[in-house]
Amino acid sequence: MAKLQIAQDPAADELLSTDPFALLTGMLLDQQFPMERAFAGPAKIRDRFGSLDPVAIADAEPDAFADLCATPPAIHRYGRSMAARVQALARVIVDEYDGDTAQLWTTATTGKELFDRVRALPGFGDQKAKIFTALLAKQLDVTPKGWTSVVGDYGKKGFRSVADVTDPDSLQKVRDFKKAAKAAAKADNQTSVKG
């Protein structure tokens, strides 16, 4: 795998770069929480649980796993509920991909198949599936035929999402893009309410 710099922490980024389940879990945690902290979550799980093996996580006692995920500093601001999602994600990887997370993308023959597989994961909606598919393409060179058509604007050059984060500077540019997009959406919403 490529050398990723999403968490902006050497140990967490090393894990994201070498463990496909860590990368997928970081993407799962990337909502309503600062991006770099979400992608640091898998390293916290590994350090506390002792493993990021999907089989071990799927089979872990739910309350104990939730406790370790919610212990400050938690893996997410909603640590207990995200712990349940991480376990559900691990269960899908175990049941549908023989515990080998990378099979999710290495065996997909088209961009649509890859997107559909990611979209079917617990906690992954359309936007998150598009972003993760774009991240795989842009940073890991996973480019099945038609991937650009399923990811939309996330496949373009620029700084739109975590798919474009490669260092601290690009992280800030993505943050600025999201802030501007949110402000524009709010302005549009206020205009339509007045109109």
Side-chain angles (χ1 to χ4, degrees), residues 1-54 56-57 60 65-90 92-93 100-102 104-105 118 121-125 127-142 151 154-155 157-179 181-182:
M1 285 177 67
K3 181 75 173 138
L4 302 172
Q5 291 188 49
I6 300 170
Q8 308 297 306
D9 171 85
D13 282 327
E14 177 67 21
L15 183 63
L16 296 173
S17 300
T18 57
D19 186 322
F21 189 70
L23 184 61
L24 188 63
T25 300
M27 189 72 220
L28 173 72
L29 297 174
D30 185 21
Q31 63 183 53
Q32 300 177 314
F33 200 55
M35 183 187 315
E36 67 277 16
R37 290 178 55 203
F39 279 90
K44 289 178 187 170
I45 294 170
R46 182 207 50 203
D47 293 349
R48 296 171 186 181
F49 187 63
S51 170
L52 258 187
D53 175 48
I57 290 174
F65 189 74
D67 287 346
L68 77 88
C69 289
T71 299
I75 64 164
H76 193 275
R77 68 195 246 189
Y78 304 114
R80 296 188 74 77
S81 63
M82 282 301 187
R85 283 193 179 177
V86 170
Q87 283 196 283
L89 182 65
V92 170
I93 295 301
D100 180 1
T101 307
L104 177 72
W105 54 85
V118 176
L121 297 171
F124 282 74
Q127 184 177 7
K128 190 179 287 275
K130 287 177 183 179
I131 292 169
F132 191 70
T133 302
L135 183 143
L136 292 171
K138 290 180 169 184
Q139 298 206 35
L140 301 184
D141 203 29
V142 176
V151 301
Y154 295 112
K157 287 192 185 303
F159 301 96
R160 290 174 170 77
S161 73
V162 68
D164 304 305
V165 174
T166 57
D167 56 28
D169 185 49
S170 58
L171 173 65
Q172 187 57 52
K173 288 178 180 176
V174 167
R175 215 175 242 129
D176 293 345
F177 177 85
K178 287 181 169 190
K179 188 176 180 180
K182 193 178 273 188

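Bear in mind that the values here come from a model prediction, so they are computed numbers and not experimental data.
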* For F124, what residues pass the ring-ring contact (aromatic ring centres under 6.0 Å, His included) criterion, not counting sequence neighbours? -> none
* ring-ring contact (aromatic ring centres under 6.0 Å, His included) with Y154: which residues, sequence neighbours excluded? ->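 Once residues adjacent in sequence are excluded, Y154 has no partner under the ring-ring contact (aromatic ring centres under 6.0 Å, His included) criterion.
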* **R175: partners by side chain to side chain donor-acceptor pair (under 3.5 Å), with sequence neighbours left out** =>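 By the side chain to side chain donor-acceptor pair (under 3.5 Å) rule, R175 matches E36.
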* **For D167, side chain to side chain donor-acceptor pair (under 3.5 Å) partners two or more places apart** => S170
* Not counting sequence neighbours, which residues clear side-chain contact (heavy atoms from CB on, under 4.5 Å) with A40? List them please. =>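 Counting only residues at least two positions away or on another chain, A40 forms a side-chain contact (heavy atoms from CB on, under 4.5 Å) with A7, A12.
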* To do: Output every pair passing side chain to side chain donor-acceptor pair (under 3.5 Å) with a member in residues 25-34, not counting sequence neighbours, ordered by first then second residue.
  => none
Could you tell me which residues satisfy salt bridge (charged side-chain N to carboxylate O under 4.0 Å, His left out) with [X], sequence neighbours excluded, listed by chain and number?
X    : result
D164 : K138
D176 : none
K178 : none
D141 : none

What side-chain donor-acceptor pairs closer than 3.5 Å can you find for residues 78-89, not counting sequence neighbours?
{"residue": "R80", "atom": "NH1", "partner": "D67", "partner atom": "OD1", "Å": "2.5"}
{"residue": "R80", "atom": "NH2", "partner": "D67", "partner atom": "OD1", "Å": "3.4"}
{"residue": "S81", "atom": "OG", "partner": "Y78", "partner atom": "O", "Å": "3.2"}
{"residue": "Q87", "atom": "NE2", "partner": "I57", "partner atom": "O", "Å": "2.8"}
{"residue": "Q87", "atom": "NE2", "partner": "A60", "partner atom": "O", "Å": "2.9"}

* Would you list the pairs meeting ring-ring contact (aromatic ring centres under 6.0 Å, His included) in which at least one residue belongs to residues 9-51, sequence neighbours left out? =>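 Qualifying pairs: F33-H76, F49-F65.
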